[in-house]
Amino acid sequence: MVKETNSSIKKKRKTTGTDNDAETDIYKKVVDFEEKESTNRESSMDASIYFSMCQDIKATLKDIYERKCLKTVDVTGNKEGLTDICIKLCIIKKLNRIDKIKHVFGKETLSAEKQKCDSIKLSYQNLVYELHHLVAETNKCLAFKSKDEEIELVSFEEFMKEAPESLTQKFKNYSESNAEERHNLRLARLEWELTQRKNLAEMCKSLVEEQKKLEQDIVERKEKLNMLRPLLMNIINATKPLQEHLDVAFDQLRGEHKLAFLLPDPLYIFYVNVVSYKNVYNLSLVINILGDQDEAMVFKEAQEVSTSSQNDEDSEQESDLPEVEEVVEVKKRRHRKSVQQVDPMEEKKKQLLERHPLSVEIIASIEKGPSITATFHYYTKLKIITVTSKVNIPSNITANTAREILSGDNILGELKEGDFGTDSPSPTTPFQLKKIGVNSYQSLVAEIGYAYTWAQGVCGLDFLSKQKLDSDSVSSANVESVVKVLLKRLAARNDLAKQLQQLEQNIIPKIPTSVEAPSNPVSALVKWSSTTYPSFCQSEFTQSLVEEELVSSSDLYYSATIRRGNANMQALIVLKNNYPEVPPILSLCLNYNGAYHSANCDDIRDLERILNTEWKRGEASSSWLLSAQIYYLCCYMDVYLESVDPKVFPQNSMFLKSICGRNRKRPFKFTKVGTGLFSQY
Amino acid sequence: MVRKLNKAFYNTVLSQTFSPCGNYLIVGDIYGVISVFHLSKIVQPESNLNKEELTPKNKFIVTENFQINSLLTTHTHLIVGSVGEIYAYQWKHVKNGKNVQPVWTIAIPEQKGAFNKTDINCLLCNDEAGYIYAGCGDNNIYVIEIESRKFVKTLNKHKDYIHCLTINGNDMISGGEDGLVNIWDLRTYKVSNKIQPHLSDKVARSELGIWIGALSSNDDYVLCGGGPRLSLWHYRFLTNSSVFPIDDKGIHVADIYNDKVLAGGQSKLFYQMSFVGDIISEIPTSAVTTYSAIHQQEPFSVLCIAGSSPKIDICNNFMYKNQQLSLY
């Protein structure tokens, strides 16, 4: 086979040598041929040929070497061998060439394949990019919102019910899943909405026009009414002579009622209730409305305006607080420089303490006795009722202490327990006052009057529930009880005044026979005067009462002196506002061989106990309770002195044992047996 | 808020006693009301006491407006000396305050021609003999057998009413408004000895009277006081040993305890003194006059001082006031 190839190569060389004209052609042919050959040949075969060639060359070289070593003369064999080797080298060279060509071919295909691969990758990347773009686009589409979604539509059910058949028919079998249908429905509903809105807008326009027309009408009618007023006034004026002639007081009543309508709500409620109560029970109450009508009219109109814009006001109030702070700062700054303008605090105060121009006055009186005038004012900003009072003292009461007890402000205090009127019942007042720099309501009392809780009650202002409640039932229930209490209080004070009138002349008033009392005490009242809370507190023997808070500055204080011989009893008397329900409290000090009182002597303590706690007759006792206490004090003082020092004080009272028991009790219990007997039990 | 004056403000405690267990304080006042305080809770508080815990746990009325002059604790009963009658209550009823009714009563015989019933000013108990001794307002001391509630003997040597009694061995000592201190032999019911403190110049205070308000004794001495000054007398020789220099307007409480003398009465202070008259402690009292002071060591040490006040002073160490109870 090798020989064959060799021959073929030789042939080729021969042909190339012979065919000179088509040299390029031949070269190309050769190249083609070689390429073909290289592709057709098997490499392994070539390898084996190559190895066998190498083997042969080796063998031939060995032969030559051996021959040379033998130093044979036959050189031909050597020459033959050399030729053979040359041929074989050629073959090897040929093999090398084929191999090289094959290699080049392989490289070329590889690079072609690589290029193909690259282009595929590029196109793939393009596709990925496109995909991303498309996804983004779809998302954008999906996220799309149409303006129509913001429009509030009537619900589907309503639409089906109200829209005309032609529109709704298609959607009788409407199912949520069908997108097409859904879209159609949406369109239909939107259209329906549009038509409806158009209709409504038209209706609105027509109504506005109608309103305008009506307004005009109203204005016209008002004008007519206004014209009517002077006419009516003329008629009324014309009837006046007739009224006078017939003695009917329509006019006055009408005037009062007209005023009543201008009253603020709380006072109106009170007025109505108290007038009705008075008319039913025919009481000796006089009820008046004080104040200027025109001013009240102006006030009412102003208030109507403000209530219509109450919401605004509320927000204003909220924003008020920081404003005030600013004001304070401003004030400080000014203070340094010296005050130039009106104090803004004062201005605020004036505003807050705004009073309704009308007030209600009731005058209660007792036959042949004093009368009390209580005036009720309404503070519109504080929203509380305040009361000022005045007592008209009859001329027959001349004693100082008696006048005092009637004229004091506290005649209205504690009509209900603990109600002194010096604290505002409204929980909001302290904050309002703080805003204007007033610490307590008490400091305003002198200026604006007492804010009794009962006064709020009768006017229907109920602060207990911490909310304004213009309830009529609250008021009417209160009016009755308050008027009753008020009259009772006045009667009690009148009784007290009568007693004080006599006491001041050192006469102990007569006690009714229904009250068991010893007869003819020897000890006698020698002095009666009024005193004050501070001086009461200063006395040594009153400490326990003060410490236990049994007395307060709102009570009335009197001092009495009772004497028998050398013995001298000083009694300090505390009159509570709700006399006689709470009996007067007596605090005693006996001056006889030293000072004895409840803090250092059990007998005086026991005496105080009996004088202060043994009375339970209620209101019926108001006309004699104080006198009875003083009278008893005189009697017991006799008993005490006679039992302690019988030599100096001859026995005048009846008692069996001067002392008994471990506590050496004195006979301070009176029993009406015969002329009367004192005993321990 | 101004409080109302009520009669509780003028209340006076005349007698006190401890329950047999020592955990309760029983107090009788002039309105005939017995108040029970849970003393152990107050003396050994678990937490801070509020005002309510310092007021009575429960109350009951014995006879309205008849003062409770004396109280006596026996193992089984609380015995109450009121006016005219002695009442006995069972402890469990007293403690729980429900349905308190006397289990028995003894009426003291009425005096002839007397308008009032008799005060039972002092009650004593002799467990061995089973007797109660009652010192009364009719000048008599009655000896009563508890079991049968029968009067065993009436001792009538006093000329005015009896203030106080004490027992010392076989002797009983009584003090009265008449100024006598009688020492009785309980075996014979005879007066074996007597002291008249008002006859001694050092002791007498004529402006306050001769009455003996309180007495106490141990083996060697008799302590007594009242109108006369508080004074110590030898038991055997009946001579004056010492006079106590305290500022008072009448003694109502006198006690010998742990070789010390406790004394109180119409005075701002409650005194603790040695036998020779040195003042060991002075406790300011809430009451104008102290009518009762009782003490115990077990289950806890406490001294309760009460008198003409609705307040009761409590001392744990006998030296100063720890706590104040109130009847209302």
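Keep in mind that the numbers below use all heavy atoms, side chains included, and drop hydrogens, waters and symmetry copies. Order of the sequence lines fixes the chain letters, A, B, ..., with proteins taken first and strands second; residue numbering starts at 1 for each chain.
Interface residue A:E608: backbone and side-chain heavy atoms are both found under 4.5 Å from chain B. Proximity to chain B is absent for every atom of A:I610, based on heavy atoms less than 4.5 angstrom apart. Both the backbone and the side chain of B:Q67 come within contact range of chain A, each with at least one heavy atom under 4.5 Å from a heavy atom of that chain. Residue contact with chain A, scored on non-hydrogen atoms closer than 4.5 Å, involves the backbone and the side chain of B:Y291 alike.
Of all the listed residues (B:N11, B:T118, B:I162, B:I120), the one sharing the greatest number of non-hydrogen pairs under 4.5 Å with chain A is B:N11. Listed options A:K665, A:R605, A:K657, A:Q680 were ranked by heavy-atom pairs under 4.5 angstrom with chain B; first place goes to A:R605. Comparing A:V644, A:N593, A:N600 by how many heavy-atom pairs each has under 4.5 Å with chain B, the most go to A:N600. Note on A:P583, A:C660, A:S544, A:S598: by heavy-atom pairs under 4.5 Å with chain B, the leading option is A:C660. Among the candidates B:D160, B:T289, B:N65, B:N69, the residue making the largest number of heavy-atom pairs closer than 4.5 Å to chain A is B:T289.
B:D248 and B:R205 are joined by a salt bridge, as a carboxylate oxygen and a charged side-chain nitrogen come within less than 4.0 angstrom of each other. With respect to the salt-bridge test (charged N to carboxylate O, under 4.0 angstrom), the residues A:R662 and B:E177 do not qualify.
Applying ring pair (Phe, Tyr, Trp, His ring centres under 6.0 Å) to A:F678 and the options A:F670, A:F668, A:Y632 leaves one that passes, A:F670.
In this structure, CG on B:L124 lies 5.0 Å from CD1 on B:I167, to the nearest 0.5 angstrom.
Not a single donor-acceptor pair under 3.5 Å links the side chain of A:N578 to the backbone N or O of A:V582.
Relative orientation of the B:W211 and B:H163 rings is tilted, given thresholds of 30° and 60° on the angle between their planes. Taking the six-membered ring for Trp and thresholds of 30 and 60 degrees, A:Y452 and A:W454 have nearly parallel ring planes, at less than 30 degrees apart.
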